[in-house]
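First the proteins, then the strands, lettered A, B, ... as listed; each starts at 1. Predicted, not measured: the structure shown is a model, and the values here were computed from it.
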Amino acid sequence: MYALLAAGPDSTTAAVQLRNDDGTPASAARTVSRAQLPQTVRELEDAHRPRWVWDRAGNWYPQLLEGSVRVEKCHDLALCQNLLLFSEFAAATGYAGQATPLPPETMAPIAASAPTGQDSLFDAPAAANAPQAWGLDSVFRELSAQKLAVNSATHPSRLTLLLIAESAGALVAAEMQHAGIPWREQLHRRLLQDLLGPEPAGHTRPDKLEAMAVELRAALNAPSLNPDSPQDLIKALHRAGIDAKSTRSWELMEFKHPAIEPLLAYRKLSRLFTTNGWNWLEQWVHDDRFHAEYVVGGVVSGRWASKGGGAMQIPAQIRGAAVADPGYTFVVADAAQLEPRVLAALAQDSAMAAAGQDGAGHNKDLYAGIAAQGFGGDRSMAKIALLGAIYGATTGESGRLVPQLARMYPRALNYVEEAARAGERGERVSTYLGRSTPPVSPEWLAGQRSTTADEQRRAEAAARSRGRFTRNFVVQGTAAEWALCWLAELRRRLRALPGPSPAAGAGRAAGAEMVLFLHDEVMVHAPLEQAEEVTRIMHESSRRATELIFGRIPLEFPVNVTVVQCYADAK
DNA sequence: TTTTCCGGCGCG
DNA sequence: AAAGCGCGCCGGAAAA
């Protein structure tokens with residue numbers, strides 16, 4: 001059963017209609033006011049558990065969540081359209097000519113972050129192409145076109161799974177955004193006070209940061225140095241006899257000079273102050289919750305991105321401020337060596353798979369397994385080699401170790417090599433479930449036909465660069481699909497847990513809910529008594545995700561789970 | 001003045 | 001040890 005949802009005749013109303021799986025109407029279209037919508041959705045959800053079909057989850061779901069209404073499943077037309085327009089699996093279906101341009105995002109961002117020029121530039125073309133009214137008929141037409149495309153694609157079942165998982169991701173993202181990460185403002189302030197000193201007034205540096213700047217100026221004998229200016233800094237470094245090409249910290253660490261230590265210390269503190277200091281707290285944390293904003297499929301590979309507050313770059317330094325509510329705990333899980341395992345599965349490399357399983361068919365540390373098979377037991381060496389193979393390293397330690405890996409696992413290495421060669425030729429590559437790279441630009445292709453020696457060198461560099469991108473894309477993208485399926489399965493199981501019991505007392509607003517997702521890591525905020533059950537669910541969902549994508553294979557995708565009160569204690 | 005780019009660094 | 005993928009955010013520098 002589908003429930004189609006679209007804007008009504010005017011912006012204060014919404015239109016809803018039930019459709020059977022074959023597309024025939026199961027109810028008349030009704031128009032309800034926006035204020036009434038949550039109640040209407042709740043009733044339909046309870047009665048039919050339909051798959052909600054909407055232009056994009058972000059235009060509807062946050063409002064429903066505000067009204068305490070959750071839905072089980074949806075079909076996000078915008079996300080699915082984006083997948084189908086690019087997917088090689090659907091390239092021959094003629095979908096591109098059938099797709100209906102979607103309406104723009106209409107919801108205001110969660111926090112009052114100033115809209116940037118980038119946003120308006122990004123939204124403008126979509127708004128210009130979108131029809132004035134995106135009503136139920138548009139929703140139905142687009143859904144039908146997408147279903148047709150999937151059914152006539154080269155791998156219908158894979159693409160179906162991908163669209164379902166991506167849509168589930170849209171629900172998870174909105175729900176996590178709604179819940180927010182438990183974030184203790186007072187703890188964060190104490191942390192800042194300890195590291196930086198008291199909150200500075202106006203636009204001055206905090207005491208300890210300024211002290212570090214003073215020390216640095218003295219060490220460099222540069223009284224007027226602005227340590228935030230790279231140009232200023234590199235000049236001062238040269239004058240002090242430090243012959244660095246850049247001011248990157250790993251390069252500076254090579255030099256022995258009394259200025260290096262204060263400089264690195266300044267950098268570290270400065271970053272904390274500017275990125276996750278008092279201003280950040282003010283802007284993003286309210287009522288002890290950090291409301292992250294996720295962008296599903298925001299990365300070409302299908303990974304999520306985030307905007308505002310840097311939800312996916314929370315530094316270890318401040319994770320101590322993320323503490324579970326009283327009576328609650330965090331259950332934090334991360335997939336162990338996800339990308340290498342994905343590579344082994346993609347390439348069906350049984351030797352590499354065997355390195356990740358013990359004799360009894362149980363998982364073990366993949367890097368350690370590979371190290372035992374060919375790197376004299378040196379785990380870090382095996383890790384560097386494997387990551388180098390996935391990223392396309394050619395020089396350095398990583399580049400030197402890759403050939404050894406290629407001898408051990410020709411199938412796996414061949415798989416990423418093929419992807420790289422295809423990318424260099426300007427071809428597109430796809431993940432296992434059918435997310436494809438964007439086509440190369442005409443300029444890129446034209447560049448490849450250069451004639452002069454200089455142009456040719458640049459073209460070759462561009463080709464190699466694209467090869468590294470496509471090489472990594474197949475692995476990173478399929479890993480993102482695994483994570484998406486894991487999330488979807490987690491969500492399904494968490495929803496089945498008993499909710500907060502009224503007897504538990506005041507302040508118990510929520511049951512177990514996901515509050516953070518970080519590519520291969522997920523954090524659930526759960527009532528203490530459900531910690532064990534949630535832990536079990538983490539493992540179970542991982543097994544199910546693997547089976548959904550790859551079927552039954554002789555390789556597991558284990559997750560490490562920790563139950564902690566504070567995010568800083570995870571791992 | 002405003003907008004865009006870039007270096008540097010946080011995360012995976 | 002430091003070069004090899006994908007991002008977002010910040011401040012300063014360059015471009016408009």
Discussion item. Please classify the nucleic acid contact of Ser398(A) as base, sugar-phosphate, or nothing, using heavy-atom distances under 4.0 Å.
Written reply: base

Worksheet item: At under 4.0 Å between heavy atoms, what does Arg248(A) touch on the DNA or RNA strands: base, sugar-phosphate, or nothing?
Response: sugar-phosphate

Worksheet entry | Partner of Leu401(A) under side-chain contact (heavy atoms from CB on, under 4.5 Å), chosen from Asp378(A), Leu387(A), Ile384(A), Leu386(A) | Ile384(A)

Discussion item. Please classify the nucleic acid contact of Gly310(A) as base, sugar-phosphate, or nothing, using heavy-atom distances under 4.0 Å.
Written reply: sugar-phosphate

Worksheet item: Glu521(A) side chain: which of dC9(B), dG12(C), dG12(B) is closest?
Response: dG12(B)

Worksheet item: Rounded to the Å, how far apart are Asp334(A) CG and dG12(B) P?
Response: 9 Å

Discussion item. Testing the basics here: between Leu518(A) and Arg319(A), what is the closest heavy-atom pair and its distance to 0.1 Å?
Written reply: CD2-NH2, 4.1 Å

Practice prompt. Mind checking side chain to side chain donor-acceptor pair (under 3.5 Å) for Gln317(A) and listing every partner two or more places apart, or none if nothing turns up?
Written response: none

Discussion item. Categorize Gly309(A) for me: base, sugar-phosphate, or nothing, with a 4.0 angstrom heavy-atom threshold over every strand shown.
Written reply: sugar-phosphate

Discussion item. Any side-chain to backbone donor/acceptor pair from Thr274(A) onto Ser270(A)? Under 3.5 Å, distance only.
Written reply: yes

Discussion item. Just the rounded figure in Å: distance from P of dG7(B) to CG of Asp232(A).
Written reply: 17 Å

With the criterion being N/O to N/O and under 3.5 Å, what pairs connect the protein with nucleotides 14-16 of chain C, and how long is each?
| from | atom 1 | to | atom 2 | distance (Å) |
| --- | --- | --- | --- | --- |
| dA14(C) | OP1 | Gln231(A) | NE2 | 3.0 |

Discussion item. For a quick check of understanding: with a heavy-atom distance under 4.0 Å over all strands, which category does Arg319(A) fall into, base, sugar-phosphate or nothing?
Written reply: sugar-phosphate

Discussion item. Quick check for you: among dG6(C), dC10(C), dG8(B), whose closest atom lies nearest to any side-chain atom of Thr275(A)?
Written reply: dC10(C)

Practice prompt. Please name the pair of heavy atoms, one in Leu366(A) and one in Pro340(A), separated by the smallest distance, quoted to 0.1 Å.
Written response: CD2-CB, 3.4 Å

Discussion item. Considering only residues two or more places apart or on different chains, which pairs with a residue in residues 200-230 of chain A satisfy ring-ring contact (aromatic ring centres under 6.0 Å, His included)?
Written reply: none

Worksheet entry | Nearest-angstrom distance from the residue atom CZ of Arg267(A) to P of dG11(C) | 14 Å

Discussion item. For a quick check of understanding: with a heavy-atom distance under 4.0 Å over all strands, which category does Ser246(A) fall into, base, sugar-phosphate or nothing?
Written reply: sugar-phosphate

Worksheet item: Over how many whole Å does the gap from Arg271(A) atom CZ to dG8(C) atom P extend?
Response: 13 Å

Discussion item. Parallel, tilted or perpendicular, judged at 30° and 60°: which one describes the rings of Trp183(A) and Trp280(A)?
Written reply: perpendicular

Worksheet item: Does Thr394(A) have a side-chain nitrogen or oxygen under 4.0 Å from the phosphate oxygens OP1 or OP2 of dA3(C)?
Response: no

Worksheet item: Under 4.0 angstrom, heavy atoms only, what part of the nucleic acid is Ile390(A) near: base, sugar-phosphate, or nothing?
Response: nothing

Practice prompt. Compare the minimum distances between each of dA2(C), dG12(B), dG8(C) and the side chain of Met253(A), then state the nucleotide with the smallest one.
Written response: dA2(C)

Worksheet item: Base, sugar-phosphate alone, or nothing: which one does Arg468(A) contact when heavy atoms must sit under 4.0 Å apart?
Response: sugar-phosphate

Worksheet item: Looking only at side-chain N and O atoms, does Lys307(A) come under 4.0 Å of OP1 or OP2 in dC9(C)?
Response: no

Response to the item:
Of dA3(C), dC9(B), dA13(C), the nucleotide closest to the side chain of Ser229(A) is dA13(C)

Worksheet item: Going by heavy atoms closer than 4.0 Å, what residues in residues 469-489 of chain A are next to DNA chain C?
Response: Phe469(A), Asn472(A), Gln476(A)

Practice prompt. Tell me which of Trp280(A) and Trp250(A) sits closer to the 5' end of DNA chain C, going by the nucleotide each one is nearest to.
Written response: Trp250(A)

Practice prompt. Compare side-chain N and O positions of Thr274(A) against OP1 and OP2 of dG11(C) and report whether any pair is under 4.0 Å apart.
Written response: no

Worksheet entry | Heavy-atom pair with the smallest gap, counting every atom of Ala389(A) and Leu413(A) | CB-CD1, 3.7 Å

Item to complete: Measure the distance from CD1 on Ile314(A) to P on dC11(B) and round it to the nearest whole Å.
Response: 10 Å

Practice prompt. Indicate whether the side chain of Ser301(A) and that of Gln476(A) have a donor and an acceptor atom separated by less than 3.5 Å.
Written response: yes

Worksheet, complete the sentence: When both distances are under 3.5 Å in a Watson-Crick or G-U wobble arrangement, the nucleotide paired with dG11(C) is dC6(B)

Discussion item. So, taking the atom named NZ in Lys208(A) and the one named CG in Leu272(A), what distance separates them when rounded to the nearest 0.5 Å?
Written reply: 12.0 Å

Fill in: Taking every non-hydrogen atom, the tightest pair across Thr470(A) and Ala420(A)
OG1-CA, 3.8 Å

Fill in: Atom pair distance, as rounded to whole Å: OH in Tyr391(A) and P in dC7(C)
13 Å

Worksheet item: Is a donor-acceptor pair below 3.5 Å formed from side chain Arg303(A) to base dC7(C), judging by atom type as modelled?
Response: no

Discussion item. Heavy atoms within less than 4.0 Å of DNA chain C: which residues of residues 212-227 of chain A have one? Give them sorted by number.
Written reply: Asn226(A)

Item to complete: Please work out if Ala311(A) contacts a base, only the sugar-phosphate, or nothing of the nucleic acid, heavy-atom cut-off 4.0 Å.
Response: nothing

Worksheet item: Parallel, tilted or perpendicular: which describes the rings of His525(A) and Phe330(A), with under 30° parallel and over 60° perpendicular?
Response: tilted

Practice prompt. Can you tell me the distance, in whole Å, between the CD1 atom of Ile234(A) and the P atom of dC6(B)?
Written response: 18 Å

Discussion item. Both Val299(A) and Ala393(A) contact DNA chain C. Which one's nearest nucleotide lies toward the 5' end?
Written reply: Ala393(A)

All N/O donor-acceptor pairs, side-chain side in residues 189-201 of chain A, below 3.5 Å, sequence neighbours left out:
| from | atom 1 | to | atom 2 | distance (Å) |
| --- | --- | --- | --- | --- |
| Arg189(A) | NE | Glu185(A) | OE2 | 3.2 |
| Arg189(A) | NH1 | Glu199(A) | OE1 | 3.3 |
| Arg189(A) | NH2 | Glu185(A) | OE2 | 3.3 |

Practice prompt. Report yes or no: is the cationic atom of Arg158(A) (NZ for Lys, CZ for Arg) closer than 6.0 Å to the six-membered ring centre of Tyr432(A), at no more than 45° off its axis?
Written response: yes

Worksheet, complete the sentence: To the nearest angstrom, the CD-C1' distance between Glu339(A) and dG4(C) comes to 12 Å

